[in-house]
Amino acid sequence: MKKSNTDTCCLTLPLKLEKWQEDRLAKRFEIARQIYNTMVHAELKKLRNIENSQPYRQIQKQIEALNWKNQNDKARLKSLYNDRNKLLNTIGFSEYGFKADIKYYYKHFNDNIGSSVAVHGIAPQVWAAFEKMLFHKEGKKVHYKKKDDIHSLHGYSVTGKSGGVEIIFRKTYIEWKGLKLPLKRSPDNAYETEMLDRRVKYVRLLRKPGKRKDCWYVQLSLEGKPAIKRDPESGERRHSIGRGAVGLDIGPQTLAYSACGAADLVELADQVQNIEQMKRRLQRKLDRSRRATNPDNYADNGTIRRGVKLTHNKSNRYRRTQRELRYLQHCQAEIRKRQHIELANHLLALGDCFYVEDMAWPSLTHRAKETAISEKTGRMKRKKRFGKSVANKAPATLIGILEQKCNSLGLPGVVKVPTSLRASQYNHQSGEYTSKPLSQRWNNMPDGERIQRDLYSAFLLQHYDPKAGNFDSALLQQDYPQFVQYHHRAIQRLSTVPKTLSSMGIQRSLR
């Protein structure tokens, strides 16, 4: 779908459906999944054929021999990637080629899925999966969609107020191929009323897991920036916007911030509970059920049999357990997103320009490659890093939400500071860089103060000068006494919450 040149905002509303309407929607989403899988199968065959050709193999061999880190190889690599793209385009292996190919698959289901949804809703999803594998190196292969794995569908957008040529917005309901899906609106919601007065670009139907059944929503993509939420009684803006620079030192589980009038260290999404034990219990229950309903899939020693066609029978209890597991993970995601939005609103009340180190979060989730021996115990160190912490707290999601809010409000936004600045090692009083282990959470300053490491890094980032590419020494000296007061208040607040303090790794240092 062609990207719009105008601003776009979204409004998500629940649908108030009867049982037969939910069944019809579920059927159409299942048809969309089958079209998706059929197209993946066909495009994989096309890709294997070109991969076995001699020109493609020669280009791929040259790419693997070069290294992105070498400056001399970068230009050569770029040229090789362009040659490979031209070779793929000759067989129609592009987004437009996928949209042209899907016409062979959706026509059998034309009563349920039309050309608009197929070409502009399903084909781009298939291309995105291949694009990640080929060009972004995210995964080694493209997977088929399992049942209930299609969560959203939308069609082509047109000018006017309807928002589409197949899935159409009709003020009080959504129309799609004979289905009329009524909206569930709040009667006195000024925000919804203001948003719905705008032109609808296109309509997307969403399916989210519920406790006992799926919940259905419609997401309207509207023209313009989001409406401002106001207090219904006073009419004042609900979330204020501050002015000035804010330094953010974000970690796998915590966020330290420093602004002109505040500094604090908070735990990210502290209401998100550790559900690993509950997930493990439900997954064991699913495994027992699979073995009981599909005994021919397993050998006598309990391993999966090879060389035979496996069966995939699911009992009703299995499906209920599956839904319970899916709903458990969905609730965690919703709580995490809500808390990130609340924290982003709080940060926006402190300032309008945010400085944060440019972190490569995926690299922190990978296990360590080298095997190291502990000096204390003489045993091998664990290769685990921050995979679970990043998955539970989603720090990159918070930065993304903050960037999105800044863009919609027309603020300077989030500035990514290069990690080569080494904010965690710098001391503005001595002007020296001192390497510290990750376990050392406090800085002993020359003036005798003990400053928490993350809070101090946020204070340094607050005084980053983008033009000079370094810290502003004069402002650091000027604002340091006030920062020390904010720092002591933050540590005093944290000392009253032992659980939070322990999770941040600084409780032991205060004893």
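The CG atom of L196 sits 6.5 Å away from atom CG of L222, with the distance rounded to the nearest 0.5 Å. With rounding to the nearest 0.5 angstrom, the CG atom of L153 is 10.5 Å from the CZ atom of R28. In this structure, F93 CZ and L134 CG are separated by 5.5 Å, a value rounded to the nearest 0.5 Å. Expressed to the nearest 0.5 Å, how far OG of S115 lies from NZ of K99 amounts to 12.0 Å. To the nearest 0.5 angstrom, L461 atom CG is 12.0 Å from I250 atom CD1. Expressed to the nearest 0.5 Å, how far CG of L286 lies from CD of E324 amounts to 9.0 Å.
Between P182 and L17, the closest side-chain pair of non-hydrogen atoms falls below 4.5 Å. Counting heavy atoms from C-beta outward, I399 and M359 have side chains that stay 4.5 Å or more apart. In this structure, the side chains of V246 and L348 stay at 4.5 Å or more apart for every pair of heavy atoms. Looking at W176 and I113, their side chains come closer than 4.5 Å, going by heavy atoms from C-beta outward. Looking only at side-chain heavy atoms (C-beta outward), Y173 and L179 stay at 4.5 Å or farther from each other. Put simply, the side chain of V126 reaches to within 4.5 Å of the side chain of F130, judged on heavy atoms. Within the 4.5 Å cutoff, no side-chain heavy atoms of Y36 are placed close to those of M39.
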*Apply side-chain contact (heavy atoms from CB on, under 4.5 Å) to N110 and K177, showing your working.*
CA-CA 9 Å; N110 203 33; K177 287 274 186 181; 4.1 Å; yes
_The test is side-chain contact (heavy atoms from CB on, under 4.5 Å); show your working for R238 and N345 and say whether it passes._
CA-CA 10 Å; R238 187 176 296 180; N345 288 332; over 6 Å; no
*Given V356 and L402, is the side-chain contact (heavy atoms from CB on, under 4.5 Å) satisfied, shown in steps?*
CA-CA 11 Å; V356 61; L402 191 59; over 6 Å; no
*Worked verdict on N37 versus R33 for side-chain contact (heavy atoms from CB on, under 4.5 Å)*: CA-CA 6 Å; N37 288 344; R33 183 187 73 88; 3.3 Å; yes
_Go through it in stages, so that I can follow the logic: the residues are H346 and Y257, the test is ring-ring contact (aromatic ring centres under 6.0 Å, His included), and I'd like the CA-CA distance, side-chain angles, deciding distance and then a yes or no._
CA-CA 11 Å; H346 174 67; Y257 61 84; 5.6 Å; yes
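Counting all heavy atoms, side chain and backbone alike, L44 lies closest to V142 at CD1-O, 4.5 Å. The two atoms that bring P124 and V119 nearest to each other are CD-O, 3.3 Å, heavy atoms only. Closest heavy-atom contact between V40 and Y144: CG1-CE2, 3.7 Å. Across every non-hydrogen atom of F354 and C406, the tightest pair is CE1-SG, 3.7 Å. Of all the heavy atoms in P252 and L268, the pair that sits closest is O-CD1, 4.4 Å. Listed here is the closest heavy atom pair of C9 and M195: SG-CE, 3.6 Å.
The residue from D296, T293, N294 that alone fulfils the side-chain hydrogen bond (donor to acceptor under 3.5 Å, both in side chains) condition with T311 is N294.
Between K27 and E30 no salt bridge is recorded (no basic side-chain N to carboxylate O distance below 4.0 Å). Look at R207 and D148 and you find a salt bridge, because one of the NZ, NE, NH1 or NH2 atoms lies within 4.0 Å of a carboxylate O, short of that distance. The pair R280-E276 fails the salt-bridge criterion, with no side-chain N (NZ, NE, NH1 or NH2) lying under 4.0 Å from an Asp/Glu carboxylate O. Under the 4.0 Å criterion applied to side-chain N and carboxylate O atoms, R290 and D287 are assigned as salt-bridge partners. In summary, D264 and R489 do not engage in a salt bridge, as defined by a charged side-chain N under 4.0 Å from a carboxylate O. Under the 4.0 Å criterion applied to side-chain N and carboxylate O atoms, E334 and K337 are not assigned as salt-bridge partners.
Within a 6.0 Å sphere centred on CD of E192, heavy atoms belonging to other residues, nucleotides or ligands number more than 12. Environment of CZ in R338: crowded, with over 12 heavy atoms of neighbouring residues, nucleotides or ligands closer than 6.0 Å. A 6.0 Å sphere centred on OH of Y104 holds no more than 12 heavy atoms belonging to other residues, nucleotides or ligands. For CD of Q273, the number of neighbouring non-hydrogen atoms (other residues, nucleotides, ligands) closer than 6.0 Å is 12 at most.
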Can you give me every donor-acceptor pair (side chain of residues 210-221, partner residue at least two apart or in another chain, under 3.5 Å) with its distance?
| unit_1 | atom_1 | unit_2 | atom_2 | d |
| --- | --- | --- | --- | --- |
| K213 | NZ | E22 | OE2 | 3.3 |
| D214 | OD1 | R323 | NH1 | 3.1 |
| Q219 | OE1 | R204 | NH1 | 2.7 |

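R237 contributes a side-chain N or O that, together with a main-chain N or O of H239, makes up a donor-acceptor pair within less than 3.5 Å.
Side chain to side chain, N274 and K388 fail the donor-acceptor criterion of an N or O pair below 3.5 Å.
For H330, there are no ring pair (Phe, Tyr, Trp, His ring centres under 6.0 Å) partners two or more places apart in sequence or in a different chain. Residues that satisfy the side chain to side chain contact (heavy atoms under 4.5 Å, CB included) test with A299, not counting sequence neighbours, are N301, T303, R305.
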